[in-house]
Student: 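Below is a structure I'd like to ask you about.
Any value given below was found using the heavy atoms of this structure, including those in side chains, with hydrogens, waters and symmetry copies removed.
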Amino acid sequence: MDIHEYQAKEILSEYGIKIADGGLAYSPVEAVQRAREINSNKCVVKAQIHSGARGKAGGIKICETHDEVEKYAEELLGKKLVTHQSGPEGKICSKVYIEAGTNYSKELYLCFLIDRSSERIVMICSTQGGMEIEKLAKTNPELIHKVYIEPAVGLQDFQARAMAFSLGLENPKLLSHSVKTIKGCYRALRDLDANMLEINPLVIANDELIALDAKMSFDENALFRRHKIAELRDKTQGDPREVAAAEHGLSYVGLNGDIGCMINGAGLAMATMDMIKLAGGEPANFLDVGGGASAERTEKAFRLVLADKNVKALLVNIFAGINRCDWIAEGVVQAIKNINMKIPLVVRLSGTNVAQGHKIIAESNLPIILAETLAEAAEKVVQARNDMVAKAN
């Protein structure tokens, strides 16, 4: 789960990281009021969306007068910002953050994230702040420094100092402040079950480090014990399909294809998407209905997939272990009758009570295409999709 810049900064401030004065505004009038409260020679108006590269999309404006603050706030509020991270659909800006301008001498980069390959938290830094770290990794990888943190031991003082030295923060006063900042970031990541914490840029101003931008992402599986973090979710910034799925306890990831997928088990879902692509199709989603898919839950999953108007065909691929094929078959039949489905449906069942499941589907007299193997199911759903597209043309 991602949160906004202003929310991340509020969290970091609680852990001792210095931030510039700022306030949130939902209207141009509020934006001017926040600027008056800050009382700075310069203010920065920042669009609050879940995406990086806002500046390149016109989402960050430097203002010298209150009139400019009002003007730019009016331009940004309600505007759709398209960045290379948001995709072509973009993100709607419904609020802006008004921040005091900061005079600084150097921009740095600092990030903490979970590295699953090493099963460690990795701390990453660079003296080239303000740049996209992906581009920097390609053009100047020698400027990126990493320190791996053993979870059982935690971040040690010598590691924080080593990272500070890598950033060139050798001045005694600045070194002390940088160690405090680095340790505060680590505690925030650890205490709140965050997956990633990024400050870019982290700037040097008057022998202090100030977080001018901040991103945090959290482990959704841990939100049940982080109620305050869960309340920071902005549903307007997420894929509406994924938001709806989460409300029903379903795992859903929206993709750009036109073949819907309803599968139980993440591994089987990945294999199914690979087979669809191998057969020449493009998956429209990743949907895992889980191990306890009742008829009602199956119907909810159907409605969720079909809510995507780009879907031209649907593949249901269930391997029943804890689940049962007859339950799934009943859910499929019930869903088709209730939804009045108008696109081709391919069903592949395997495992517990598979014969009963096939019988239920056969006796329903519904236009369901059955498949025995995953490869056969993928080929049939791609062919059904192609036939639908041909008819439409």
Student: Considering the options Ile360, Ile328, Val332, which one meets the side-chain contact (heavy atoms from CB on, under 4.5 Å) requirement together with Leu349?
Tutor: Ile328
Student: State, to 0.1 Å, how close Pro151 and Arg120 come at their nearest heavy-atom pair, and which atoms those are.
Tutor: CD-CD, 3.6 Å
Student: Are Lys9 and Glu14 close enough for a salt bridge, meaning some N to O gap below 4.0 Å?
Tutor: no
Student: If you measure only the distance, is there a donor-acceptor pair under 3.5 Å linking the side chains of His50 and Asp234?
Tutor: no
Student: So do Leu314 and Val305 actually touch side chain to side chain, heavy atoms under 4.5 Å?
Tutor: yes
Student: With a 3.5 Å distance limit and no angle check, can you tell me whether Gln7 reaches the backbone of Ile3 through a side-chain donor-acceptor pair?
Tutor: no
Student: Salt bridge (Lys or Arg N to Asp or Glu O under 4.0 Å), that's the test. Do Glu220 and Arg233 meet it? Break it down for me.
Tutor: CA-CA 11 Å; Glu220 294 206 3; Arg233 184 192 297 272; 3.6 Å; yes
Student: Work out which heavy atom in Glu376 is nearest to a heavy atom in Leu370; give both atom names and the distance.
Tutor: OE2-O, 4.1 Å
Student: With distance as the sole test, does Glu150 use its side chain to make a donor-acceptor pair with the main-chain N or O of Ala152 at under 3.5 Å?
Tutor: yes
Student: What's the shortest heavy-atom distance between Ala384 and Pro344, and which atoms?
Tutor: CB-CB, 3.6 Å
Student: If I take atom CG from residue Leu268 and atom CD1 from residue Ile318, how far apart are they, to the nearest 0.5 angstrom?
Tutor: 7.5 Å
Student: Is it the case that the side chain of Asn264 and the backbone of Phe319 share a donor-acceptor pair, with hydrogens and angles ignored and the cut-off at 3.5 Å?
Tutor: yes
Student: Counting N and O atoms only, with roles assigned by atom type, does the side chain of Ser176 sit under 3.5 Å from a partner on the main chain of Pro172, one being a donor and the other an acceptor?
Tutor: no
Student: Any side-chain heavy atom of Met123 within less than 4.5 Å of one from Leu110?
Tutor: yes
Student: Please confirm whether the backbone N or O of Ile361 pairs with a side-chain atom of Ser364, one donor and one acceptor, at under 3.5 Å?
Tutor: yes
Student: Can you find a heavy atom in the side chain of Arg190 that is under 4.5 Å from one in the side chain of Phe112?
Tutor: no
Student: Does any non-hydrogen side-chain atom of Thr181 lie less than 4.5 Å from one of Lys18?
Tutor: no
Student: Any salt bridge linking Lys146 with Asp115? Criterion: basic side-chain nitrogen under 4.0 Å from a carboxylate oxygen.
Tutor: no
Student: Which heavy atom of Ile210 sits nearest to which heavy atom of Ala205, and what is that distance?
Tutor: CD1-CB, 3.9 Å
Student: Are Ile229 and Met216 linked, directly or through intermediate hydrophobic residues, by side-chain heavy-atom contacts shorter than 4.5 Å (ILVMFWY only)?
Tutor: yes
Student: So with a 6.0 Å cut-off around CD1 of Ile62, is the heavy-atom count from everything else above 12?
Tutor: no
Student: Can you find a pair of side-chain heavy atoms, one from Ile204 and one from Leu169, that are under 4.5 Å apart?
Tutor: yes
Student: Just by distance, do the side chain of Asn171 and the backbone of Leu174 share a donor-acceptor pair under 3.5 Å?
Tutor: yes
Student: State whether Lys277 and Glu282 are salt-bridged, where the test is any N-O pair (Lys NZ or Arg NE/NH1/NH2 against Asp/Glu carboxylate O) under 4.0 Å.
Tutor: yes
Student: Between the main-chain N or O of Tyr148 and the side-chain N or O of Gln159, is there a donor-acceptor pair closer than 3.5 Å?
Tutor: yes
Student: Please check if the side chain of Arg303 supplies one atom and the backbone of Ala335 the other of a donor-acceptor pair under 3.5 Å.
Tutor: no
Student: Under 4.0 Å between a Lys/Arg side-chain N and an Asp/Glu carboxylate O for Arg385 and Asp258?
Tutor: yes
Student: Tell me, do Asp387 and Gln383 make a side-chain contact under 4.5 Å, heavy atoms counted?
Tutor: yes
Student: Under a 3.5 Å cutoff, is there a donor and acceptor pairing between the side chains of Tyr104 and Asn206?
Tutor: no
Student: Please name the pair of heavy atoms, one in Ala20 and one in Thr102, separated by the smallest distance, quoted to 0.1 Å.
Tutor: CB-OG1, 3.8 Å
Student: Only one of Lys42, Lys46, Arg34 forms a side-chain hydrogen bond (donor to acceptor under 3.5 Å, both in side chains) with Glu99, so which one is it?
Tutor: Lys46
Student: Applying the 4.5 Å side-chain criterion to the ILVMFWY set and letting contacts propagate, would Val389 and Ile259 be lumped into a single cluster?
Tutor: no
Student: Can you tell me if Gln33 has over 12 outside heavy atoms packed within less than 6.0 Å of its CD?
Tutor: yes
Student: Tell me, please, which residues at least two apart from Thr65 pass side-chain contact (heavy atoms from CB on, under 4.5 Å).
Tutor: Asp67, Glu68
Student: Quick one: does His177's side chain have a donor or acceptor within less than 3.5 Å of a partner on Leu209's backbone?
Tutor: yes
Student: Is the shortest heavy-atom distance from the side chain of His4 to the side chain of Lys95 under 4.5 Å?
Tutor: yes
Student: Is a side-chain donor-acceptor pair under 3.5 Å present for Asn195 with Ser217?
Tutor: no
Student: Would you call Phe165 and Glu170 a side-chain contact if the rule is heavy atoms closer than 4.5 Å?
Tutor: yes
Student: Please name the pair of heavy atoms, one in Leu108 and one in Leu167, separated by the smallest distance, quoted to 0.1 Å.
Tutor: CD2-O, 4.1 Å
Student: Determine whether Ile144 and Val122 fall in the same hydrophobic cluster, where Ile, Leu, Val, Met, Phe, Trp and Tyr are linked whenever their side-chain heavy atoms lie under 4.5 Å apart.
Tutor: yes
